[in-house]
Asker: 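Following this message is one structure expressed as structure tokens.
Positions are given from 1, in the same order as the sequence printed here. The basis for the numbers below is simple: all heavy atoms, side chains too, and nothing from hydrogens, waters or symmetry mates.
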Amino acid sequence: MPKLPFPPPPKLNPRPKRPAEGNGKPSAGHQAAEGGITAVDWIDERTSLSGAARWMMFRKVPKGTNWFYTLGTATMFAFLNQAVTGVFLAMYYDPSPTRAYESTRFITNEAFLGEFVRGMHKWGSSVMVILIFLHMARTFFFGAYKYPRELNWVIGVVLVILTFVMALTGYLLPFDQRSLWATVVANNITASGPLVGPYLGDFLRAGPEFGATTLSRFYSIHMLLVPGAIAALIGAHLYLVAKLGTTAPPWLRAEVDEKLVEERT
């Protein structure tokens, strides 16, 4: 085979090998990235989660979406903040009538970053209530509760109720004079409701009157029952949002195909 008088042009030269392919020593960052990709591929091969992730994330978004559509995501992140800070607070909190106030004082004054975490949890509850009402207002005024999204609206209403229950049960946990008597008033209002009111009041008090078991009842509802129900309903809410899509703003009208108009006339 005759030799070429000149070397081949650069485009015909073989591509140089990457560090992980034998060309030099791979860096620690490259090895970590390759290890992470291998681990993700191993999990995805056995669970097929990539398909569900693509179905959830890569979907059509209507024209005209704006920052109002982020209120639902902001509410979800507020709930995640409550869940994470609540776990750290539960590590030091003692739900007993004789130790509850002292454990709260220890968290605020002596525990490392305790005042910061408790402040995030305390004010985060107010932020979550505000955000969920703004999200519902956006849904109502944009007409996103109509067919075929009625079930998602019902789930949202239940989430609002559960958010209030979580705020009410958490207010008693510091167990000072203000939280105690405010909870007594709120529980009496609940018990005055028709039909199920008296039974609901007895359930929250864990008896006919406030006692030692009332605090543990509120603590278990606040830490276990309500967060689990909220997490499950948020999952169902997000599934329906991904399945049914989001609505366009009401001030945008759908484009009318002139050919279809002619066929109808």
Side-chain angles (χ1 to χ4, degrees), residues 44 47-86 121 123-170 190 193-197 200 221-261 263-264:
D44 183 61
T47 60
S48 300
L49 289 177
S50 60
R54 284 194 297 268
W55 177 79
M56 177 68 72
M57 302 299 295
F58 298 98
R59 49 194 172 86
K60 293 183 179 180
V61 178
K63 184 180 179 181
T65 54
N66 47 49
W67 286 100
F68 289 110
Y69 287 80
T70 63
L71 291 170
T73 305
T75 307
M76 184 182 69
F77 276 101
F79 170 72
L80 293 176
N81 169 75
Q82 295 301 97
V84 173
T85 54
H121 195 77
W123 296 108
S125 63
S126 301
V127 171
M128 183 176 175
V129 170
I130 294 171
L131 287 175
I132 199 170
F133 267 105
L134 292 176
H135 177 53
M136 288 197 69
R138 199 280 304 173
T139 304
F140 179 79
F141 287 113
F142 281 30
Y145 60 91
K146 300 178 181 179
Y147 175 85
R149 302 175 181 86
E150 301 95 335
L151 179 59
N152 223 13
W153 172 261
V154 173
I155 292 175
V157 172
V158 176
L159 284 171
V160 171
I161 297 172
L162 291 177
T163 301
F164 275 114
V165 173
M166 190 163 63
L168 173 64
T169 54
T190 303
L195 299 178
V196 298
L200 187 58
I221 295 173
H222 184 77
M223 279 294 297
L224 300 174
L225 181 61
V226 177
I230 288 179
L233 289 175
I234 286 177
H237 197 71
L238 293 177
Y239 168 77
L240 290 176
V241 168
K243 178 178 175 58
L244 302 174
T246 55
T247 56
W251 55 82
L252 292 181
R253 295 183 178 180
E255 297 180 357
V256 180
D257 192 348
E258 298 296 337
K259 295 181 178 180
L260 294 177
V261 175
E263 290 179 0
R264 290 178 181 176

Asker: Considering all heavy atoms of both residues, which atom of V226 and which atom of L162 are nearest to each other, and what is their separation?
Answerer: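 Heavy atoms only, the tightest pair is CG1-O, 3.4 Å.
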
Asker: Answer yes or no: does atom CH2 of W251 have more than 12 heavy-atom neighbours from other residues, nucleotides or ligands under 6.0 Å?
Answerer: yes

Asker: Where is the tightest heavy-atom contact between N81 and T85, given as atom of each residue plus distance?
Answerer: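 Here N81 and T85 meet closest at O-OG1, 2.6 Å.
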
Asker: Where do D44 and L49 come nearest, in terms of heavy atoms and distance?
Answerer: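 Reported closest heavy-atom pair: OD1-N, 3.2 Å.
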
Asker: Is there side-chain contact between T247 and R149, with at least one heavy-atom pair below 4.5 Å?
Answerer: yes

Asker: Without swapping roles, check the side chain of N152 against the backbone of L240 for a donor-acceptor pair under 3.5 Å.
Answerer: no

Asker: Are more than 12 heavy atoms, taken from residues, nucleotides or ligands other than W55, located less than 6.0 Å from that residue's CH2 atom?
Answerer: yes

Asker: Evaluate side-chain contact (heavy atoms from CB on, under 4.5 Å) for Y145 paired with M136, printing each intermediate quantity in order.
Answerer: CA-CA 9 Å; Y145 60 91; M136 288 197 69; over 6 Å; no

Asker: Rounded to the nearest 0.5 Å, what separation is found between the OG1 atom of T169 and the CD1 atom of I221?
Answerer: 6.5 Å

Asker: Could you give the distance from CG (L151) to CG (L244), rounded to the nearest 0.5 Å?
Answerer: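 Rounded to the nearest 0.5 Å, the CG-CG separation comes out at 8.5 Å.
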
Asker: Strictly distance-based, threshold 3.5 Å: is any side-chain N or O of Q82 a donor or acceptor partner for the main-chain N or O of H121?
Answerer: yes

Asker: Just how far is it from atom NE2 of H237 to atom CH2 of W153, taken to the nearest 0.5 Å?
Answerer: 10.0 Å

Asker: Parallel, tilted or perpendicular for F133 and F164, by the 30°/60° rule?
Answerer: perpendicular

Asker: Suppose we call two aromatic rings close when their centres sit under 6.0 Å apart. Are F68 and F140 close by that rule?
Answerer: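 That pair fails the under 6.0 Å test.
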
Asker: Rounded to the nearest 0.5 Å, how far apart are CD1 of I234 and CZ of F79?
Answerer: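 It is 5.0 Å, given to the nearest 0.5 Å.
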
Asker: Any heavy-atom pair between the side chains of P249 and Y69 that's under 4.5 Å?
Answerer: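 Yes, close enough: below the 4.5 Å cut-off.
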
Asker: Could you tell me which residues satisfy side-chain hydrogen bond (donor to acceptor under 3.5 Å, both in side chains) with T70, sequence neighbours excluded, listed by chain and number?
Answerer: none

